[in-house]
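Inspection log for the structure reproduced underneath, given as C-alpha cells.
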Amino acid sequence: MKINLDIIAEELSAFSPRRAGRKKSDTTAPNLQGVGLYHSQSSLSPEICYAVDADSISDSFSCPFGITLAVMGNTAGLFPDTADADILILDRGDAQCTFSDMFNALNSVFLKYQAIDTRLSSAVMKNAPLQEILKIGEALFGNPLILFDKNYCILGEADSRLEKLELVCDKWSDSKMLSIDTVNAIKTSPEYRRASESSDICFVSEEYFAYNTLFAPVKGSGSPLTLAVMETNCPLTRVHRQLALYFSGILRLALGRNHLSSGHSLRFEDFLKELLYDTQIEQAVIDRYLLAMNWKNGDNYLLVTFQTNRFDKINSIYNNICGNIEKQIPESFAFYFEDNLLTVINLDQARLTKTDAVHMLSIFLREGLFHAGISYIFFDFSTFSSYYKQALGALEMGEKYSPHEWCYDFEDYVLHYFMHYGTSRIDGRHLCHPGVVQLYIYDSKNNTNLLETLRAYLDCGGNAVLTAQKLYIHRNTLYQRLKKINGIIHTNLDNANVRLFIMMSYTFVDLLGLTPVES
C-alpha cells in the first residue's frame, strides 16, 4: 500500500507538520512506499520519503528535483515554496526528540499501513467473510464501517456502537436498512447532491444523518454498493477520503473474487419475485425499490424471458449468464425464476428502443442456443406479473408456430395466444394492441380523441370519406389525425392481422368493462 504526505502529516501531527516545496495540486495521489535516509550522492527514488536532519542543511543545500523529503527540525526558511520537491517539515518542538526518534516515528507510519494492507490482502485471498474485511478496515479510519447495498440495506451486521443509527427491518430479507425518511434526508445534503452527479465520495454532516459520515461508492462490483465511514471516535478529515478510495478498491476485489452477495441483487430480485407471485405491494414500496436502481415507475420497460430447460441448473452458471446479460445491455437486471432467466430492461434510462434492445441480445441468444420471449413495453410495475405471462406466452406460441426462430415478440403472437386461452390467463387489458394503449395515454394527457378516431376509421373499412362523415369532421382534419395516430402507434394499418388485433383490443375493453391502462 502506498501513502502520501497528507497521510504522514496527519499521523505525525504531534510534530506540527507543515508543507513546503512545490505543493502540487495533486497531493492526494498515493506515491510513497517506504522511508530512507537522505544522501546527496545516492540514487534517489520517487517512491521513497527521504528523512534529513534540518541541522545538517546549509544555505547551499540544493534540493534534488522530483523527490519527497521529510525535514526534521527547524529549517529557518531554507525551503521556499518554489523548491521542486514535495517537502514535509516536522518540528521537534519542546519535546527535544532526537532525529532517531522522529525517523522511527516516520517509519512506523509506513509499517502501520503496510501491516493493514497485508492483513486485507490476506483476507481477500482466503475469501474471508465481508464482516472480517470491514473489521480490518476500521484500523484505517479509527471509526466503524458499514457497507450498504443500493436499497440502503446493511450487508453484514449493524455495529452495536452506532447507537444513534435508526434502522428498520426489510420486509423480505429481514435485513436492517435505513428508513426512507433517513435516505431522503441524506440525499438532500448539499455535498451529496454535488457528488451524486460525479459518483464521488461525499461527506454528509450529522445535520442530515445520525453521524458525520463519509459515503464512498464501491464501483465495479456488479451491483453498486456504498461504504459508510461514521465519525464516532476520530474526526473525519481529507485523508479519510483518500483512504476510502483505497478501501473501496479492496472491497471491489473481495466481491469480485469470492462472489460475496452484494445484497442489492438479492433485495431487488426478491422484490421482483414477490411481484411475480402477485403479492400486493404498496406503491411507495415499489417506488423505493425502483429508486434503488435509479429507475422509476413511468419509465418504459421491457421484460425478456429466456428458456433454459436444456441447461444444467447450476447456480454459478446462471449467475454467469445473468452477469453477461447485464454487461451487454445497459440498465438491465437479470435473475432466475421458475426454470427461466428473466431480464428487465429500462429502455428510457438505457436510451434504447425495443428493436435496439432485441438486437443487442441477438448474438447472445444465438451463441447460447436460447429461445427468448419478449413482452410488450410496460411502465407500471404493479402489473409486472402480466408481462411475465406475456413473455411466457410468446415463448409457448412462438415455439409452437415458428420453431425455427429464436426470438418471439408477444405482439406477433397475441392472436395465437388469444385463440388458445382467451383472457383466462392474462387480463384483457394486457392483451390490447400496444398502439391502443399509447393512444389511450395520449388522449388522457392531451384531451384528444384519437382512440375513437382510429376505431371509426377501422369500422368504416379504412374509407376516409365515410369516417369523416361519421365523425362530423372535415376530411383534412381526419388525415391530420391519422398522421398523428401513425406517429404514435408505429404500426401498419394496411395489414389485415393488425387491424383485426386492434379491433379485438376495442372488444376486450368494451366487453370486459376495462380501460387499456389500469387506473
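- With rounding to the nearest 0.5 Å, the separation of CG in Leu272 from CZ in Phe337 is 10.0 Å.
- Between the side chain of Ser375 and the backbone N or O of Leu303, at least one donor-acceptor pair lies under 3.5 Å.
- Atom NZ of Lys296 has 12 or fewer neighbouring heavy atoms from other residues, nucleotides or ligands inside a 6.0 Å radius.
- Distance check: His371 NE2 to Trp406 CH2 gives 10.0 Å after rounding to the nearest 0.5 Å.
- Of all heavy-atom pairs spanning Lys176 and Leu167, the tightest one is CB-CD1, 3.8 Å.
- Not less than 6.0 angstrom separates the ring centroid of Trp295 from the ring centroid of Tyr289.
- For the 3.5 Å distance criterion, the side chains of Gln242 and Asn4 qualify, holding a donor opposite an acceptor.
- One N or O on the side chain of Asn143 and one on the backbone of Thr232 form a donor-acceptor pair closer than 3.5 Å.
- Side-chain atoms of Ser121 come within 3.5 Å of backbone N or O of Asp117 as a donor-acceptor pair.
- Under a 4.0 Å N-O distance rule, the pair Arg288/Glu282 does not qualify as a salt bridge.
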Can you check side-chain contact (heavy atoms from CB on, under 4.5 Å) on Thr305 and Leu341, steps first, answer last?
CA-CA 6 Å; Thr305 299; Leu341 287 174; over 6 Å; no
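- Two rings, from Phe410 and Tyr387, have their centers 6.0 Å or more apart.
- Using a distance-only test at 3.5 Å, with no hydrogens or angles considered, a donor-acceptor pair links the side chain of Ser248 to the main chain of Ala244.
- At a threshold of 4.0 Å, the pair Glu331-Arg351 does not count as salt-bridged, since none of the basic side-chain nitrogens sits closer than that to a carboxylate oxygen.
- Listed by chain and residue number, Glu10, His240 satisfy the side chain to side chain donor-acceptor pair (under 3.5 Å) test with Thr237 (two or more places apart in sequence, or in another chain).
- Counting only distance, with no hydrogens or angles, the side chain of Asp101 and the backbone of Thr98 share a donor-acceptor pair below 3.5 Å.
- Put simply, the side chain of Ser386 does not reach to within 4.5 Å of the side chain of Phe378, judged on heavy atoms.
- Residues Phe306 and Asn340 approach most closely at O-OD1, 3.3 Å, considering heavy atoms.
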May I have the list of side-chain donor-acceptor pairs in residues 210-217 shorter than 3.5 Å, sequence neighbours left out?
from, atom 1, to, atom 2, distance (Å)
Tyr211, OH, Glu163, N, 3.0
Tyr211, OH, Lys164, N, 2.9
Asn212, OD1, Glu206, N, 2.8
Asn212, ND2, Glu231, OE2, 3.0
Thr213, OG1, Tyr211, O, 2.9

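- Side chains of Ser179 and Thr182: a donor-acceptor N/O pair is present below 3.5 angstrom, by distance only.
- One finds the CZ atom of Arg119 at 11.5 Å from the CD1 atom of Ile133 (value rounded to the nearest 0.5 Å).
- Not one N or O on the side chain of Glu166 forms a donor-acceptor pair closer than 3.5 Å with the backbone of Leu178.
- Remark: Arg19 engages Asp6 in a salt bridge, criterion side-chain N to carboxylate O under 4.0 Å.
- Here OH of Tyr408 is found 14.0 Å from CG of Leu392. Values are rounded to the nearest 0.5 Å.
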Test Leu165 against Phe209 for side-chain contact (heavy atoms from CB on, under 4.5 Å), laying out the working first.
CA-CA 8 Å; Leu165 190 63; Phe209 191 43; 3.4 Å; yes
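- Looking at Asn184 and Ile180, their side chains come closer than 4.5 Å, going by heavy atoms from C-beta outward.
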Please test Tyr336 against Glu269 for side-chain hydrogen bond (donor to acceptor under 3.5 Å, both in side chains), starting from the C-alpha separation and ending with a verdict.
CA-CA 9 Å; Tyr336 176 62; Glu269 179 178 328; over 6 Å; no
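- Remark: the backbone N or O of Thr68 is not paired with any side-chain donor or acceptor of Asp86 at under 3.5 angstrom.
- To the nearest 0.5 Å, the span separating CD1 on Ile89 from CG on Leu69 amounts to 10.0 Å.
- Looking at Arg193, its side chain does come within 3.5 Å of a backbone N or O of Thr188 through a donor-acceptor pair.
- Ser108 places a side-chain N or O within 3.5 Å of a backbone atom of Ala105 that can act as its donor or acceptor partner.
- At a threshold of 4.5 Å between non-hydrogen side-chain atoms, the residues Ile281 and Ser382 do not count as touching.
- Without hydrogens or angle criteria, Asn297 side chain to Phe381 main chain gives a donor-acceptor distance under 3.5 Å.
- Side-chain contact check for Leu347 versus Asp299: every heavy-atom pair is 4.5 Å or farther apart.
- With ring centers used as reference points, Phe271 lies 6.0 Å or more from Phe384.
- The closest side-chain donor-acceptor pair between Ser56 and Asp53, if any, does not fall under 3.5 angstrom.
- Smallest separation of non-hydrogen atoms from Phe15 and Cys97: CE2-SG, 3.9 Å.
- Annotation: side chain of Ile48 is not in contact with side chain of Val35 (no heavy-atom distance under 4.5 Å).
- In this structure the side chain of Met360 never reaches within 4.5 angstrom of the side chain of Gln328, judged on heavy atoms.
- Between Leu32 and Leu5, some side-chain heavy-atom pair lies under the 4.5 Å cut-off.
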Before you tell me yes or no, could you show the steps for Ser385 and Leu275 under side-chain contact (heavy atoms from CB on, under 4.5 Å), namely the whole-Å CA-CA distance, both residues' side-chain angles and the distance that decides it to 0.1 Å?
CA-CA 6 Å; Ser385 63; Leu275 291 175; 6.0 Å; no
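- Atoms CZ and OH, from Phe333 and Tyr301 in turn, are 13.0 Å apart once rounded to the nearest 0.5 Å.
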Residues Leu88, Val71; criterion side-chain contact (heavy atoms from CB on, under 4.5 Å); working and verdict
CA-CA 6 Å; Leu88 182 68; Val71 181; over 6 Å; no
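- A pairwise comparison of heavy atoms in Pro30 and Lys2 identifies CB-O, 3.2 Å as the closest pair.
- Contact between Ala357 and Leu302 at its shortest, heavy atoms only, is CB-CD2, 4.3 Å.
- Outside the 6.0 Å centre-distance limit, the rings of Tyr208 and Tyr192 are not counted as a close aromatic pair.
- The number of heavy atoms from other shown groups lying within 6.0 Å of CZ (Arg241) is above 12.
- Gly137 and Phe247 make their closest contact through CA-CE1, 3.6 Å (heavy atoms, listed as atom of the first residue, atom of the second, distance).
- Between Pro46 and Asn31, every side-chain heavy-atom pair lies at or beyond the 4.5 Å cut-off.
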